[in-house]
J.: 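Have a look at this one before I ask anything.
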Number of protein chains: 2
Amino acid sequence: MGTRERRAREFREREAYLLDLATELLLEQGQDAITMERLAARGEYAKGTLYKHFTCREDVLCALACRRVNNIAAMLAQALSQVTRSRDRVLAMFVAYELYAAQHPEDFRLTLALSAGSLTDRVSADHLDELENARQSVFAISKALIGQAREEGDLAALPVSEDAFTFALETACQGSYMLVSGDPELRRRWNLPSGEENMHALASMVLDGVGWRPLSADRDYTALAASLRQQLAPVVARFSMNPGTTSAT
Amino acid sequence: MGTRERRAREFREREAYLLDLATELLLEQGQDAITMERLAARGEYAKGTLYKHFTCREDVLCALACRRVNNIAAMLAQALSQVTRSRDRVLAMFVAYELYAAQHPEDFRLTLALSAGSLTDRVSADHLDELENARQSVFAISKALIGQAREEGDLAALPVSEDAFTFALETACQGSYMLVSGDPELRRRWNLPSGEENMHALASMVLDGVGWRPLSADRDYTALAASLRQQLAPVVARFSMNPGTTSAT
DNA sequence: TCATTTTGTGACGGTGCGTCACAGTATAGG
DNA sequence: CCTATACTGTGACGCACCGTCACAAAATGA
């Protein structure tokens with residue numbers, strides 16, 4: 001009698017169910033609406049049961065963020081498969097990020113909220129680990145791109161370690177979306193042609209600065225970005241935020 | 001009889017007093033400790049009075065952030081006055097930011113928390129405006145540097161508008177500190193030589209990429225950064241977070 | 001069938017928010 | 001100096017949410 005296994009499975013399924021509920025709340029009313037109270041009221045389990053899965057409210061947000069980050073990683077992987085040359089792929093990554101951010105501003109809000117409070121204290125070690133792993137898988141994508149570029153001879157020397165460069169790329173990307181999504185008016189105030197254009201310009205500068213070939217002088221990345229935007233829109237849209245996307249089956 | 005004026009002055013003084021209290025709470029117990037409840041309990045005014053000044057809790061955080069941003073702007077201005085050449089000054093700005101971030105991690109937390117929730121709804125228009133102005137004054141510093149570089153012929157052409165470039169610089173800087181201060185373990189996991197070194201490397205890449213002279217090949221910015229770090233430490237420390245720093249007198 | 005273990009519950013004490021009717025105090029006019 | 005009026009300050013109140021815990025219900029297996 002596999003009682004043990006069945007119990008474990010049911011537990012996982014219920015967690016997925018609860019996270020689906022949380023996702024609904026997030027989409028309908030924003031992250032502040034994700035409360036233990038409402039989760040219990042809307043779903044079929046009482047508050048006490050919720051605390052069998054999550055140590056606290058932040059733990060729910062953390063688990064939710066984890067799903068999202070995994071989803072982003074999958075989305076990026078798919079987007080990158082559309083082009084071949086390493087620098088084109090970097091651009092594809094930026095474009096995909098941008099499209100995703102436009103479709104799911106709440107995702108970034110979630111990330112910010114988690115960064116703002118100190119997680120480590122109250123969140124369960126399990127969910128924290130899971131989130132960290134998910135983040136690693138996103139970073140791994142950038143890192144693989146750098147590896148590819150070096151192999152193919154498009155990127156000769158780096159002034160810093162590959163890890164540090166990976167980190168810098170991600171950092172710049174997320175920082176930009178933070179400012180933009182944090183205050184939608186910011187873009188207007190600063191006469192930024194558009195969030196996208198700005199990001200690509202920054203990316204161009206960094207990549208040119210580091211000598212990642214073909215340099216922007218040798219290839220029309222603006223045009224490429226435009227066409228990628230067309231091409232990737234449906235791909236990104238497929239990774240929407242509807243509940244269950246990343247649930248176990 | 002300047003009754004009107006006196007009242008207005010007293011009002012401003014009380015607001016400063018309340019923000020001093022909030023700062024104490026922030027320093028002692030973190031931003032979650034800043035509640036209307038405790039502010040009223042610790043200070044000499046009742047809750048109802050607090051709501052004469054602030055529309056809600058977030059409004060307090062907003063006003064507090066405003067003070068901080070102004071303080072950072074002042075600090076940066078001072079730091080930049082230590083060197084003359086434009087690109088050196090950019091480096092000084094990065095170093096100053098870094099030193100400040102190390103000394104006041106709570107500042108960044110505050111910024112993140114404000115970006116995570118939608119301010120515009122509940123925060124008073126006054127405080128929001130003030131915060132926006134404060135931010136502008138920080139951006140203005142970066143922008144002035146770009147102006148200087150162009151005037152002096154150290155920066156020929158930009159692939160984007162000056163505003164966009166300014167924005168990109170700030171963005172990258174803040175994004176990095178977000179990731180680092182959000183999760184102190186991140187640095188360790190990624191074998192980042194150090195947060196500073198990483199930031200400077202990124203800055204170097206961007207500045208080289210955009211052709212801001214002298215290029216890093218022509219000048220030892222690593223050594224300059226190290227010496228700036230020594231030189232600026234006491235300057236930055238002077239702009240500490242003790243209450244009243246930015247109060248009206 | 002029933003003792004035992006596991007799972008699920010929701011009432012409870014506590015904290016914090018934002019409001020509002022009222023108490024207290026200053027101002028100015030008589 | 002007194003009083004009517006306007007302004008300022010208050011804290012109790014209703015509400016929402018958190019996280020806990022003693023107990024109820026159900027599943028297990030002997």
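Below, read A as the first sequence line, B as the second, and so on, with proteins coming before strands; counting in each chain starts at 1. Side chains included, hydrogens not; waters and symmetry mates left out as well; all remaining heavy atoms used. Note that the coordinates shown come from a computational prediction; the quantities given were computed from them, not determined experimentally.
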J.: With sequence neighbours left out, write down each residue that passes salt bridge (Lys or Arg N to Asp or Glu O under 4.0 Å) with B:Arg9, or none if nothing qualifies.
T.: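 Salt bridge (Lys or Arg N to Asp or Glu O under 4.0 Å) check on B:Arg9 returns B:Glu13.
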J.: Over how many whole Å does the gap from A:Tyr51 atom OH to D:dT20 atom C1' extend?
T.: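 Going from A:Tyr51 (OH) to D:dT20 (C1'), I get 9 Å.
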J.: Please report the distance, rounded to the nearest Å, between CD in A:Glu10 and C1' in C:dT6.
T.: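 Atom CD in A:Glu10 sits about 12 Å away from atom C1' in C:dT6.
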J.: Check salt bridge (Lys or Arg N to Asp or Glu O under 4.0 Å) between A:Arg122 and all other residues, then give those that pass, not counting sequence neighbours.
T.: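 For A:Arg122 the salt bridge (Lys or Arg N to Asp or Glu O under 4.0 Å) partners, ignoring immediate neighbours, are A:Glu58.
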J.: Please list, chain by chain and in numerical order, all residues satisfying side chain to side chain contact (heavy atoms under 4.5 Å, CB included) with A:Ala33, sequence neighbours excluded.
T.: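 By the side chain to side chain contact (heavy atoms under 4.5 Å, CB included) rule, A:Ala33 matches A:Gln29, A:Arg38.
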J.: Separation of B:Leu50 atom CG from C:dG18 atom P, in whole Å?
T.: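 One finds 11 Å between P of C:dG18 and CG of B:Leu50, rounded.
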J.: Salt bridge (Lys or Arg N to Asp or Glu O under 4.0 Å) between A:Glu10 and A:Arg14: does it pass, once the steps are laid out?
T.: CA-CA 6 Å; A:Glu10 284 171 355; A:Arg14 203 169 51 199; over 6 Å; no
J.: Which residues pass the ring pair (Phe, Tyr, Trp, His ring centres under 6.0 Å) test with B:Tyr100, sequence neighbours left out?
T.: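 Only B:His104 meet the ring pair (Phe, Tyr, Trp, His ring centres under 6.0 Å) criterion with B:Tyr100.
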J.: To the nearest angstrom, how far is A:Phe11 atom CZ from C:dT6 atom P?
T.: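 Rounded to whole Å, this separation is 15 Å.
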J.: If you assign each of A:Glu37 and B:Thr55 to its closest nucleotide in DNA chain C, which residue comes earlier from the 5' end?
T.: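 Looking at the nearest nucleotide for each, A:Glu37 comes out on the 5' side.
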J.: Please give, in whole Å, the distance from C:dG18 C1' to B:His53 NE2?
T.: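 Whole-Å distance recorded here is 16 Å.
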J.: Could you check which residues of residues 38-47 of chain A get a heavy atom under 4.0 Å from DNA chain D? Sort them by number, please.
T.: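 Only A:Arg38, A:Lys47 qualify.
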J.: Who are the ring pair (Phe, Tyr, Trp, His ring centres under 6.0 Å) partners of B:Phe11, not counting sequence neighbours?
T.: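 B:Phe11: ring pair (Phe, Tyr, Trp, His ring centres under 6.0 Å) contacts with B:His53.
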J.: Give me the distances for all protein-to-nucleotides 21-27 of chain D N/O pairs that come in under 3.5 Å?
T.:
residue, atom, partner, partner atom, Å
D:dA27, O3', A:Arg7, NH2, 3.4

J.: With sugar-phosphate meaning primed atoms plus P, OP1 and OP2, does A:Thr49 contact a base, only sugar-phosphate, or nothing at under 4.0 Å between heavy atoms?
T.: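 It contacts base atoms.
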J.: To the nearest 10°, give me the bend of the helix from C:dT1-D:dA30 to C:dG30-D:dC1, comparing the axes of its five terminal pairs at either end.
T.: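 Comparing the axis at each end, I get an angle of 20°.
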J.: Between A:Glu5 (CD) and D:dT28 (P), how many Å, whole number?
T.: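 Answer to the nearest Å: 13 Å.
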J.: Could you check if a side-chain atom of A:Asp163 sits within less than 4.5 angstrom of a side-chain atom of A:Phe167, using non-hydrogen atoms only?
T.: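 No; the side chains remain at least 4.5 Å from each other.
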J.: With B:Leu61 as reference, evaluate B:Leu26, B:Leu110, B:Thr111 under the side chain to side chain contact (heavy atoms under 4.5 Å, CB included) test and give the passing residue.
T.: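 Single side chain to side chain contact (heavy atoms under 4.5 Å, CB included) partner of B:Leu61 among B:Leu26, B:Leu110, B:Thr111: B:Leu110.
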J.: Restricting to side chain to side chain contact (heavy atoms under 4.5 Å, CB included), what partner residues turn up for B:Thr166, sequence neighbours left out?
T.: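 Applying side chain to side chain contact (heavy atoms under 4.5 Å, CB included) to B:Thr166 gives A:Trp190, B:Phe139, B:Ser142, B:Lys143, B:Ile146.
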J.: Are B:Arg229 and B:Glu98 close enough for a salt bridge, meaning some N to O gap below 4.0 Å?
T.: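 Yes, charged N to carboxylate O under 4.0 Å.
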J.: Could you check if a side-chain atom of B:Leu114 sits within less than 4.5 angstrom of a side-chain atom of B:Val123, using non-hydrogen atoms only?
T.: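 In short, these two side chains do not touch, never coming nearer than 4.5 Å.
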J.: Rounding to an integer number of Å, can you tell me how far A:Glu15 CD sits from C:dT7 C1'?
T.: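 Computing the A:Glu15:CD to C:dT7:C1' distance gives 16 Å.
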J.: Could you work out, with side chain to side chain contact (heavy atoms under 4.5 Å, CB included) as the rule, every residue matching B:Ala63, not counting sequence neighbours?
T.: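 Testing B:Ala63 for side chain to side chain contact (heavy atoms under 4.5 Å, CB included), a comparison that skips the adjacent residues, returns B:Leu19, B:Phe54, B:His127.
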J.: Considering only NZ, NE, NH1 and NH2 on the basic side and carboxylate oxygens on the acidic side, decide whether A:Asp107 and A:Arg67 come within less than 4.0 Å.
T.: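 A:Arg67 and A:Asp107: not salt-bridged.
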J.: Taking salt bridge (Lys or Arg N to Asp or Glu O under 4.0 Å) as the cut-off, I'd like each qualifying pair that reaches into residues 40-56 of chain A, sequence neighbours left out, listed once.
T.: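 Residue pairs with at least one partner in residues 40-56 of chain A: A:Glu24-A:Arg42, A:Glu28-A:Arg42, A:Glu37-A:Lys47.
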J.: Can you tell me how far P of D:dG11 sits from CE of B:Met36, to the nearest Å?
T.: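 The answer, rounded to whole Å, is 16 Å.
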J.: Near DNA chain C, under 4.0 Å by heavy atom, which residues of residues 57-66 of chain B?
T.: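 Output list: B:Arg57.
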J.: Do any side-chain nitrogens or oxygens of A:Arg14 fall under 4.0 Å of OP1 or OP2 in C:dT7?
T.: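 No, no such contact exists.
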J.: Under 4.0 Å between a side-chain N or O of B:Arg122 and OP1 or OP2 of C:dG18?
T.: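 Yes, within the criterion.
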